[in-house]
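Structure first, commentary second.
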Amino acid sequence: MFEFRNGSLHAESVPLEAVAREFGTPCYVYSRAALAAALAQFQSACGGHDALVCYAMKANSNLAILDLFARTGAGFDIVSGGELARVIAAGGDPGKVIFSGVGKSAAEMRYALKSGILCFNVESAAELTRLAAVAGEMGRRAPVSFRVNPDVDARTHPYISTGLKENKFGVEFGAALELYRAATRMPQIEVVGIDCHIGSSLIEYAPLLEALDKMLGLVDALAAEGIRLRHLDLGGGLGIRYRDESPPDVAAYIRGVFARVGGRKLKLLFEPGRSLVGNAGLLLTRIEYLKPGAARNFAVVDAAMNDLIRPALYEAWHNIVAVRNSGVSGAVYDVVGPVCESADFLGKERELAVSEGDLLAVMSAGAYAMCMSSNYNSRPRAAEVMVDGEKTHLIRERERTESLFALEHLLL
Ligand code: LLP
C-alpha cells in the first residue's frame, strides 16, 4: 500500500525517503500488505469451490514473495527448472506446482518428476513423447495437462498475446482430442487436466470466458469417450491499473467461471501473475541531473532500462511521481536513465515539480520488472526491500560490481 502522508510518499508506514537513505537507489520496494491482499482477494473469490491459485512466479520470483504466498496456501506456475528450485528454496510445496512452457528440457522434466510436481502443462506432441521417455527411464508416471490453444483474441499487446493460432503456445485446438487419446494409451503418462493461457494484461475478461467455453467443449467431448479430467486450468492474464484502465474485477471473473463450469466435477486452477504483484511494488530512483532543452527537458535518473525494461520493450506506461509532493506545478520531463540507448526511458512527457537529487517512484513495478532486469552497461541490479508495517526487510541485496564479472576469465 503506497500513499502520501504529510506530502511524502510512504510504503505502508515507512517513508520512501527513509528507504532510500538506508538501502540506496535504484531500489525496488514492495508492500507486504498489498501482496497479501491481492492473493487473498483471488483466494476468497474462489472460496467454497475446489480451486487452487498457482502464482505465475515469472512475474516476480523473489524468494520472500514466494515464501509469503506459499504460507498462504498458494501453488506456483513455473516455466523452468530454475523457478522450481526457487519454489523449493522458499519452502513452497512442489505438489502444488504446475510446469508450463514450450521448451522443457529432459533435465528439467527429470527434476520436476523427482520433486513430485502437480502436473506438466504439455504444449506439443513432441514434448509428450519426450516426457513419456523420461518418465519411463525413471519408472514413474508423469501427470499431464495439455495446454490447448483456443484461438481466441485476448485483445492485448501482440508481444504478450498467446492464444491465437499463429502464436507458438499450446497444442492446436483441432489436434487436442487425438493427443489426449494418444496420451491415455501411454503407460508412463497420467492424464489429469486441461489448460490454456491466452495472454497477459487483459483489461476485460470476456476473452477468458470465451476460451473457457471452448475448453469445456473439449472436457465434455473427452468425458463422452471415457477420458475424465481432474482439473481445468485457465491460466493468468488479468490486467491491472497502470494509468486509467479499468482492470477486470477478480470476483466477477471467478463467478463467471464457476457459473459456466456448472455441475462438472472439475478442480479449477488459475495462474495469475501480474494481478498479484504488479501494484504491490514500485521502483525508487533518484534524479542525477535535470537537463533542460529546446525540444525536450530530461530528468536523468539513476534507474534505467536495465532495471525496468517494460517502457522500452512494450512502450508500457508507468506512473511516475515525485516522492516529496511540493504541491507546486512543475515542468514536463522525459524521465530517462544513464544507459546508452534512446530507448532508455522510464516515462515520457511527465509533469514533475522536481530538483536535482529528488526521489521519484515509478509505480506498478511489482510485476515483470526486477525479474526482467539485466546487467546491461555493467550496471549492478537494484536492491529489493519489502515493507511490512513499520519494518523494512532487505529481500535482495544490491549486486556488487565484482559479482558482475566473477564468472569471467582472463586469457591464460
Ligand atoms: N501462465 C502462463 C503460461 C503465462 O505464460 C503467463 C505469463 C502467466 C500465466 C501469467 O500471466 P499474468 O497473470 O501475469 O498476465 N513481460 C510481460 C508479460 C509477459 C507474460 C508472460 N506470460 C510484461 O511485462 O507485460
Could you tell me whether [X] and [Y] have a side-chain N and a carboxylate O separated by less than 4.0 Å?
X: Arg286; Y: Asp302; value: no
X: Glu349; Y: Arg296; value: yes
X: Asp307; Y: Arg379; value: yes
X: Arg260; Y: Asp213; value: yes
X: Asp77; Y: Lys58; value: yes
X: Glu17; Y: Arg324; value: yes
X: Asp233; Y: Arg147; value: no
X: Glu399; Y: Arg396; value: yes

Any side-chain heavy atom of [X] sitting closer than 4.5 Å to one from [Y]?
X: Tyr253; Y: Leu234; value: yes
X: Leu284; Y: Val19; value: yes
X: Leu346; Y: Leu308; value: yes
X: Ile194; Y: Val148; value: yes
X: Phe76; Y: Lys96; value: no

Once you round to the nearest 0.5 Å, how far does CZ of Phe258 lie from CZ of Arg255? 12.0 Å
In Å, rounded to the nearest 0.5 Å, how long is the span from OG of Ser373 to CE of Met305? 12.0 Å
Looking at [X] and [Y], would you say the former's side chain and the latter's main chain have a donor-acceptor pair under 3.5 Å?
X: Asp358; Y: Val354; value: no
X: Glu22; Y: Ala18; value: no
X: Arg274; Y: Gly278; value: no
X: Glu271; Y: Ala56; value: no
X: Arg350; Y: Lys348; value: yes
X: Ser8; Y: Arg5; value: no
X: Asn325; Y: Gly7; value: no
X: Glu408; Y: Phe405; value: no
X: Tyr55; Y: Asn60; value: yes

From CA spacing to verdict: side chain to side chain donor-acceptor pair (under 3.5 Å), Arg381, Asn375: CA-CA 6 Å; Arg381 282 186 177 80; Asn375 293 122; 3.0 Å; yes
State whether the number of non-hydrogen atoms from other residues, nucleotides or ligands found under 6.0 Å of [X] atom [atom1] is greater than 12.
X: Glu397; atom1: CD; result: no
X: Ile203; atom1: CD1; result: no
X: Glu172; atom1: CD; result: no

With ring-ring contact (aromatic ring centres under 6.0 Å, His included) as the test, would you mind laying out the steps for His318 and Tyr242 before giving the verdict? CA-CA 6 Å; His318 287 256; Tyr242 284 100; 5.1 Å; yes
I would like to know whether Tyr333 and Phe298 meet ring-ring contact (aromatic ring centres under 6.0 Å, His included); could you show each step before the answer? CA-CA 5 Å; Tyr333 294 97; Phe298 294 101; 9.2 Å; no
Sequence neighbours excluded, which residues qualify as side chain to side chain donor-acceptor pair (under 3.5 Å) partners of Asn279? Ser364
Minimum heavy-atom separation for Ala38 to Leu276, with atom names? CB-O, 3.4 Å
Heavy atoms only: give me the nearest Ala322-Leu352 pair and the separation to one decimal. N-CD2, 4.2 Å
Apply side-chain contact (heavy atoms from CB on, under 4.5 Å) to Asp388 and list each qualifying residue two or more places apart in sequence or on a separate chain. Glu12, Arg32, Lys391, His393
Taking Val192 as the fixed residue, which of Lys267, Arg230, Arg228 is the one that meets the side-chain contact (heavy atoms from CB on, under 4.5 Å) rule? Arg230
